[in-house]
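Throughout, a chain's letter reflects where its sequence line sits, starting with A, and its residues are numbered from 1. It should be emphasised that the depicted structure is a prediction, and the values quoted were computed from it without experimental measurement.
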Amino acid sequence: MKAQLQSLVLQALQSLRASGQWSLPDPLPAISIELPKQKEHGDYATTVCMALAKSMRVNPRALAQAVADAFPGKGLFQSIEIAGPGFLNFRLKPAAWHLVVEDILRQGERFGAASPAQADKIMVEYVSANPTGPLHVGHGRGAVVGDVIATLLQWAGHDVTREFYVNDAGAQIQNLGASIHARYRELLGLPFEIPEDGYKGDYLIPLARELQSKHGADKAEATPETIAEFARFGARRLLDRINDDLLALGVRMDSYSSEQAMVEAGGVENALQTLRGSGFIYPHDGAEWFKSKELGDEKDRVVVRSDGRTTYLASDIAYHKNKLDRGYTRLINIWGADHHGYIARVKAAVAALGLDPGRLQVVLTQMVNVVRQVVDENGQVHAEAVKSSKREGNFVVLREVIDEAGRDATRFFFVMRSAASQLDFDVELARKQSNDNPVFYVQYGHARVCSILRKAEEDGIPIPPASPEALAPLVHEDELNLIQLIGSLPEVIQNCAARLEPHHLVFFLDQTVAAFHAWYQKGAADPSLRVLCEDRTAAGARLLLASAIRQALANGLTVLGVSAPERM
RNA sequence: GCGCCCGUAGCUCAGUUGGAUAGAGCGUCGGACUACGAAUCCGAAGGCCCAAGGUUCGAAUCCUUGCGGGCGCGCCA
C-alpha cells in the first residue's frame, strides 16, 4: 500500500511538472510515506511537499494543495488533506482496505515475499566458529541473526547462499591437537600439561578416551604427526557437534568452506601472488606486509610472518577473493562484535582486489549475557549474569540454553533486539509458558486465530470466497487498522532485508498479535462484534480477515524460523 | 591513548534513516471470564530521550565536544 501511494504521489508531481506551473527539480527527491502517530492525521502521510518547497522557495501548503488537486485515483480515498506546515494526509476508503485482504489471501504463503526483480547473488557467511569446542551463546546469536537475515534477503527476492567458513587450519588447531594429547596422556596416567593457550574444557576428555581405546598407549609421545592426527580427529568430531547444535537451532547451512582445503589448493598463495602483482604487498623486517593503510585501515598488516608462515589475515583475504571469484556480488558477514577491528582490513582486501569494498557488509552482533533472575527477600529482582569465556571452560554453552528454553524461544530471543545492542538472555523468561514471554504471546495469537477458524468449521459457518462484496461488512475501525497492519508485512520484510535488521519483524508480529487480541476481546463485551456473530454476512467477512491475519502471522514466524502452532 | 557499539519510563528495549502530542513489554496500582481459547484484554501512574553547544520550518534521530558503560587495538584466531 505504501508503495502504491508512493507511485501515486509521484504521478501527481509529474503531472504538476507537465502543467508547467511548478518548476519541480529533476530528479525528484525520494518520496517518503509515513504512518502518522495519530489517527486524526490519516492512514498515511507524506512530507515531500515540505522537502520540495524548501529548494523551490515556494509555500509548502500551496504546493501540497496543488498535489492534492492533481492526485490520481481519488476513488480510493476518503480524504486527502493538507495539514500543519505542509503535510499531506491520506485516508483510505474501507473498499481500498478490502483489496488488501483479497491480496493477502490470494498470495497465501508467498504473502510478504517480493518478486525477484533485481536479484543480487548474495553470500551470507555466519557462525564460522573454530572447530575447537562447543558453540557458546554468542555463536548462537550470530547463527540465528545470520540465518534470519539470509531468509529475509530471500524473501526480498535475492539469490542467497548460507556458508560456514571452517577455521580448520593454523595454530588454533595445533593447540587443539596438543590439548587432546594432554588429555590422552592424563587418561594413560602419564604426566601431562595442557598448553598455556590450549583448550581446558572437559569436553575434550571423551575425545581423548576414544583415542585411548583406539590406540592404547601407542601415541603417548607427542610427535608432530600425532598432534596433527589428534587435531584432525578432534576438529572433525567438534565440527559434527557444532552441526548438531545448529540443527537443534533449526540452522541449516548451504555450504561449508574449509580453510585447510583452501590452503592445500593453493588459494592463499594464489591470492598473495595477485596482491604482490598489483603492488599491495611489500617486504619489511623479514615479513611481508599488506598495504591496508592506504585502503582505509589504521595501519599495514602482516600477511607472511618472518618465519614464512602465513597469517590468519592471509587466509581471510584468500577466502574473500574466493567468494568473489565464485560470482557473489554481495558478501554479508555476521561477526561477533569483538572482531570489529577486523572489518577495515578485510574491506581493504576487497578494495585491493580491485572491487568496491561496499560489496562487503559486516553485521556485528554484540555480546550476549545469559542472566538468571533472582528475587531477594525485599522482592527486588536481580539479574545474575554468567560471563562467557571459551578458553577457561566456564562459558555458557549454547546447547544448554536450547535444551532449557527450546528452539522457538531461543531463536526469537536472539533476534528480538537490535544486533547492535547487547542482549540479556533471560533463560527463566524464555522457558516460561506464560504471558510475559513474548514468544508465547505471538504463538498464542496464532493459535487463537486458528481456533476461531476451527470453530467456524465445526459450527458450519461458511467462509465465502474473498471479494469486495464479501468483505464489505469490514468497516469497524479496529478491523481497518488490523488490515493496515498486516498489509505492511511486505514493507517490513523489505525494510529488514535492506537494513539487515531482523528485529523489526519481531516488533511487527508483537504489534499485530496485540491488535488481534484487542479486536477479539471486543467480542466479549458485545457479541455483535465477535468474528462468529449472528449476522452470517459479517461473520463471513471477519473470517476472511481472520484468515488473512493468520497468514501474516504464519509468514512472519516462518521467516524467523519459529513455529506457528495451531493449538497450544 | 585510538577505534567500534550502547546510553530513551523503576527494569529490558523499540522508535519507520529529520516529521505532527516520544512508544511497547515486564514490574506497580485498579478493573473485565457460566469463554469465537483469560497463555487474553481495558484503564492509571511512571520521561530534562546522558550533558552542553550547533545545523533548520522541524532533532531522540544529523554534526562537535564532554561524561558513563561494553568490546577491541599481535608477525593470535
Side-chain angles (χ1 to χ4, degrees), chain A residues 2 32-38 40-41 45 47 50-51 53-54 60 83-87 89 130 132 167 169-173 175 197 285-289 298-299 301-307 309-313 315-316 336-344 364 366-367 369 371 379-381 383 416-424 426 429 432-438 440-441 443-445 447-448 450-456 459 461 488 491-492 495 498-499 503-504 506-507 510-511 513-514 517-525 527 530-533 539 542-543 546 567-568:
Chain A
K2 245 186 189 177
S32 82
I33 304 293
E34 333 212 331
L35 303 180
K37 286 184 199 120
Q38 287 151 280
E40 306 86 73
H41 294 143
T47 58
M50 288 183 280
K54 191 176 174 186
F87 290 96
N89 296 336
N130 297 339
T132 53
N167 291 132
Q172 299 300 321
I173 295 295
N175 275 334
D197 49 356
D285 280 351
E288 290 191 73
W289 296 70
E298 291 173 0
K299 56 180 183 182
R301 309 284 174 177
V302 170
V303 284
V304 183
R305 288 179 269 237
S306 41
D307 63 6
R309 286 149 55 229
T310 55
T311 61
Y312 179 78
L313 177 61
S315 284
D316 231 15
D338 52 342
H339 285 67
H340 78 261
Y342 213 73
I343 297 174
L364 294 177
Q366 294 288 328
M367 230 172 67
N369 289 307
V371 299
Q380 289 291 319
V381 179
M416 76 182 176
R417 304 268 114 101
S418 153
S421 293
Q422 293 191 12
L423 177 68
D424 281 346
D426 183 336
L429 178 61
K432 233 175 173 177
Q433 311 219 345
S434 71
N435 55 350
D436 49 355
N437 183 339
F440 281 90
Y441 181 76
Q443 290 185 318
Y444 175 67
R448 205 183 206 188
C450 289
S451 164
I452 297 175
L453 299 172
R454 212 159 40 228
K455 185 86 164 44
D459 295 357
I461 303 173
S488 72
E491 295 143 23
V492 171
N495 187 38
R499 298 167 58 161
H503 68 278
H504 305 290
V506 175
F507 282 86
D510 192 75
Q511 203 183 348
V513 168
H517 281 312
W519 177 53
Y520 176 95
Q521 208 73 25
K522 293 247 166 93
R530 293 185 179 193
V531 177
L532 306 178
C533 59
R542 288 173 190 162
L543 282 165
R567 302 170 194 268
M568 292 173 71

Give the dot-bracket line for RNA chain B from 5' end to 3' end: parentheses for intra-strand Watson-Crick or G-U pairs under 3.5 Å, square brackets for crossings, | for inter-strand pairing, dots for unpaired. (((((((..((((.....[...)))).(((((.......))))).....(((((..]....))))))))))))....
If you only use heavy atoms from C-beta on, which nucleotide in [options] is closest to the side chain of [X]?
X	options	result
Gln366(A)	rC36(B), rC4(B), rC5(B)	rC5(B)
Glu298(A)	rG3(B), rG74(B), rA77(B)	rG3(B)
Asp510(A)	rA24(B), rC76(B), rC36(B)	rA24(B)
Asn130(A)	rA77(B), rC75(B), rG37(B)	rA77(B)

What distance, rounded to whole Å, do you find between the two [atom1] atoms, one in [N] and one in [M]?
N	M	atom1	result
rU21(B)	rC13(B)	C1'	22 Å
rG23(B)	rA14(B)	C1'	7 Å
rA52(B)	rU8(B)	P	16 Å
rA77(B)	rA22(B)	C1'	44 Å
rG10(B)	rU56(B)	C1'	36 Å
rA44(B)	rG27(B)	C1'	14 Å
rC11(B)	rA32(B)	C1'	27 Å
rC6(B)	rG15(B)	C1'	16 Å

Donor-acceptor pair, [X] side chain versus [Y] backbone, under 3.5 Å?
X	Y	result
His340(A)	Ala337(A)	yes
Arg542(A)	Arg530(A)	yes
Asp459(A)	Ile461(A)	no
Glu491(A)	Lys2(A)	yes
Asn89(A)	Ala45(A)	no

Do [X] and [Y] have side-chain heavy atoms sitting under 4.5 Å apart?
X	Y	result
Thr132(A)	Asn175(A)	no
Leu543(A)	Leu532(A)	yes
Val302(A)	Leu313(A)	no
Asn167(A)	Gln172(A)	no
Arg448(A)	His517(A)	yes
Thr47(A)	Ser32(A)	yes

Less than 3.5 Å between a donor and an acceptor, one on the side chain of [X] and one on the base of [N], is that the case here?
X	N	result
His339(A)	rG72(B)	no
Thr311(A)	rC75(B)	no
Asp338(A)	rA77(B)	no

Write down the distance between [atom1] ([X]) and [atom2] ([N]), rounded to a whole number of angstrom.
X	N	atom1	atom2	answer
Met367(A)	rC5(B)	CE	P	17 Å
Phe440(A)	rC26(B)	CZ	C1'	17 Å
Tyr444(A)	rC36(B)	OH	P	11 Å
Lys455(A)	rG37(B)	NZ	P	7 Å
Leu429(A)	rA39(B)	CG	P	17 Å
Met568(A)	rA38(B)	CE	C1'	14 Å
Gln38(A)	rA22(B)	CD	P	9 Å
Leu313(A)	rC75(B)	CG	C1'	11 Å

Pro85(A) versus Met50(A), closest heavy-atom pair with distance: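 It is CG-SD, 3.6 Å.
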Closest contact, heavy atoms only, Phe440(A) versus Met568(A):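 The pair with the smallest heavy-atom distance is CD2-CE, 3.3 Å.
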Anti versus syn assignment for rC11(B), with syn defined as within 90° of 0: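 You should classify rC11(B) as anti.
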Syn or anti for rU17(B), with syn set at within 90° of 0?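 Syn, since the glycosidic angle lies within 90° of 0.
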Using a 4.0 Å heavy-atom cut-off, does Asp307(A) contact any base of the nucleic acid, only the sugar-phosphate backbone, or nothing at all? nothing
Does Ala447(A) reach a base, just sugar-phosphate, or nothing at all? Heavy atoms under 4.0 Å.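 Base contact.
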Between rA39(B) and Arg567(A), is there an OP1 or OP2 to side-chain N/O distance shorter than 4.0 Å? no
Compare side-chain N and O positions of Arg530(A) against OP1 and OP2 of rC36(B) and report whether any pair is under 4.0 Å apart.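 Yes, Arg530(A) has a side-chain N/O under 4.0 Å of OP1/OP2 on rC36(B).
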Please work out whether the ring planes of Tyr342(A) and Tyr312(A) are parallel, tilted or perpendicular, with thresholds of 30° and 60°. tilted
Closest-nucleotide ordering on RNA chain B, the 5'-leading residue of Ala45(A) and Leu364(A): Leu364(A)
5'-most by nearest nucleotide on RNA chain B - Gly523(A) or Ala169(A):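 Checking each residue's closest nucleotide, the 5'-ward one belongs to Gly523(A).
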Strictly under 4.0 angstrom, non-hydrogen atoms only: write out the protein contact profile of nucleotides 14-19 of chain B, one letter per nucleotide from the 5' end, B, S or -. SSB--B
How does each nucleotide of nucleotides 41-47 of chain B score, in 5' to 3' order, for protein heavy atoms under 4.0 Å: base (B), sugar-phosphate only (S), or none (-)? SS-----
